[in-house]
Amino acid sequence: MLDPIKQNNKTVYPIICPMKYGGMKSINCFLYDNGSTLTLIDGGVHTSQFIDFFNESLKHYQLSIEDIHQIFLTHHHDDHIGVVNTVLSKKQIPIFAHQKAIPRLRFDEVYLKNKIDFFKKLYEEYGCLHLSEKRFERMNQTLLNRNELKIKGDMYPLQEGDQIEDCKIIEVPGHSPDSVIFYDESEGLQFLGDLVLENISTNALIDFDDNLQLLPTVSQYEASLRKSLSLHTNWVFAGHENVFQHHEQEIEKKLERIKKKESRIVEAVGNGCQTTIDIADALYGKRVEKEFVFIISEIIGYLEYAISRGKIEKRMVNGQWHFSVTG
């Protein structure tokens, strides 16, 4: 376990649980003491391994759940909310998250049904519905189990520019529509969820807006990286991997990677790959079926990004999008 990180009268207690999660080597959450309030920022994943590590970390830092006054969530993904209901079962405290996170954290029935309908239509139009059976099985299971899964506490919505105690709220969509940075400007502390991870890429995951339209997630992610880059920062506390400094270097690498991913997509289309599946197969081969959600999200996201930048165009052929290089 790591030593606490101190900045003047502020202390951050990192809870970095070493466990494999996709391509990542840890799942993280943090206890942030601003001198008067102890805040749990994010909640890891709901597994016995993480819950045990969380409790051991509290003991190591000579803290307990009773000491926690409130919970901040950087976004709604299930590897960031795992111990929230465990904490709430012992102490009812307020939860603060972006306003778009609230229906997701409540596992709202209308939201979940809209999500299923959106992705069914999207995968049909992009010609990959035949590979999505397992994803829809999971989404339908989530819909059935929504009452058990939902966060069972009082939640308060946040938006860009809000101030909650010492932290300014900065909206950083792209990885998810509800992603935020909790930014302690006075100490240069960024609690930013999965926006920037050290030495590993973050996915800009396709999602939908309030009108059930596809969001420009790659463009959003790029703009969010630049937002983070502009902030005076001493420490970055991310949802996975290490706590780190020198965020400028990491963000510049991420921005460069966006360019490279776009170039790969444009090149594949230029080489005659006209459909989403053709492009995915050309770039990822047999990995597509095993890593369907993330790979197809990347392909669709970067196709739309390249279209928005005038490098690719699309046309509908028999109900399915086909792509070609502009000009």
For the residue pair T86 and S89, confirm or rule out a side-chain donor-acceptor distance under 3.5 Å.
no

Examine distances only and state if a side-chain atom of D209 and a backbone atom of L212 form a donor-acceptor pair shorter than 3.5 Å.
yes

When hydrophobic residues are tied together by side-chain contacts of less than 4.5 Å, even through go-betweens, does I296 share a cluster with F294?
no

Distance-only side-chain donor-acceptor flag, Q320 / T275, under 3.5 Å
no

Is there a path of hydrophobic side-chain contacts, each under 4.5 Å between heavy atoms of I/L/V/M/F/W/Y residues, joining I307 to V317?
no

Side-chain donor or acceptor of N203 paired with backbone N/O of L205 under 3.5 Å:
no

If only atom types and distance count, is the side chain of E256 paired as donor or acceptor with the main-chain N or O of E252 below 3.5 Å?
no

Using a strict 4.0 Å threshold on nitrogen-to-oxygen distance, state whether K90 and E66 make a salt bridge.
no

Could R264 and Y284 be counted as a cation-pi pair, given that NZ or CZ must be under 6.0 Å from the ring centre and within 45° of the axis?
yes

Tell me the closest heavy-atom pair linking I277 and G127, and the distance in Å.
CG1-O, 3.3 Å

Evaluate the criterion side chain to side chain contact (heavy atoms under 4.5 Å, CB included) for residue pair I295 and R287; output intermediate values, then yes/no.
CA-CA 8 Å; I295 288 175; R287 289 175 55 191; 3.9 Å; yes

Go through K254 and Y221 one step at a time and tell me if the side chain to side chain contact (heavy atoms under 4.5 Å, CB included) criterion holds.
CA-CA 10 Å; K254 269 59 173 179; Y221 176 54; 3.6 Å; yes

Between R309 and E262, is the closest basic N to carboxylate O distance under 4.0 Å?
yes

Could you check whether D178 and H75, counting side-chain N and O atoms only, form a donor-acceptor pair closer than 3.5 Å?
no

Any chance the side chains of N8 and E187 put a donor and an acceptor closer than 3.5 Å?
yes

Connected via hydrophobic side-chain network under 4.5 Å: Y305 and L215:
no

Within a 6.0 Å radius of atom NZ on K134, are there more than 12 heavy atoms belonging to other residues, nucleotides or ligands?
no

Go through the steps to decide whether F323 and T276 satisfy the test side chain to side chain contact (heavy atoms under 4.5 Å, CB included), and finish with yes or no.
CA-CA 8 Å; F323 304 93; T276 308; 3.7 Å; yes

Tell me which one of T202, I181, V180, V236 satisfies side-chain contact (heavy atoms from CB on, under 4.5 Å) with L195.
I181

Using distance alone, with no hydrogens and no angle criterion, decide if H98 and Q159 have a side-chain donor and acceptor under 3.5 Å apart.
no

Are the side chain of Y111 and the backbone of I102 linked by a donor-acceptor contact shorter than 3.5 Å?
no

Give a yes-or-no answer on whether the side chains of Q70 and T39 include a donor-acceptor pair shorter than 3.5 Å.
yes

Once you measure the plane-to-plane angle for F72 and F96, does it fall in the parallel (<30°), tilted (30-60°) or perpendicular (>60°) bin?
perpendicular

For E165 and N34, which I'm curious about, is there any donor-acceptor pair between the side chains at under 3.5 Å?
yes

Co-membership, hydrophobic cluster, residues L129 and M316, 4.5 Å side-chain
yes

Is a salt bridge present between K227 and E171, judged by a nitrogen-to-oxygen distance below 4.0 Å?
no

Assess the side chains of N55 and S57: does a donor N or O sit below 3.5 Å from an acceptor N or O?
no

Using a 6.0 Å distance limit plus a 45 degree cone around the ring axis, check whether R135 lies over the aromatic ring of F119.
yes

State, yes or no, whether a side-chain contact exists between P4 and Y61 at a heavy-atom distance under 4.5 Å.
yes

Would one find more than 12 heavy atoms of other residues, nucleotides or ligands at under 6.0 Å from atom CG of D154?
no

Could you check whether the rings of Y126 and W321 sit parallel, tilted or perpendicular, using 30° and 60° as the cut-offs?
tilted

Below 30° counts as parallel, above 60° as perpendicular, anything between as tilted: where do the rings of H77 and H175 land?
perpendicular

What pairs of residues pass the side chain to side chain donor-acceptor pair (under 3.5 Å) test when at least one of them lies in residues 41-54, not counting sequence neighbours?
D42-T74, D42-H80

Should the heavy atoms of other residues, nucleotides or ligands under 6.0 Å from CD of E289 be counted, would the total exceed 12?
no

Between K10 and D166, does any side-chain N to carboxylate O distance fall below 4.0 Å?
yes

Would you say that more than 12 heavy atoms from the other residues, nucleotides or ligands in this model lie under 6.0 Å from the CG of D210, or not?
no

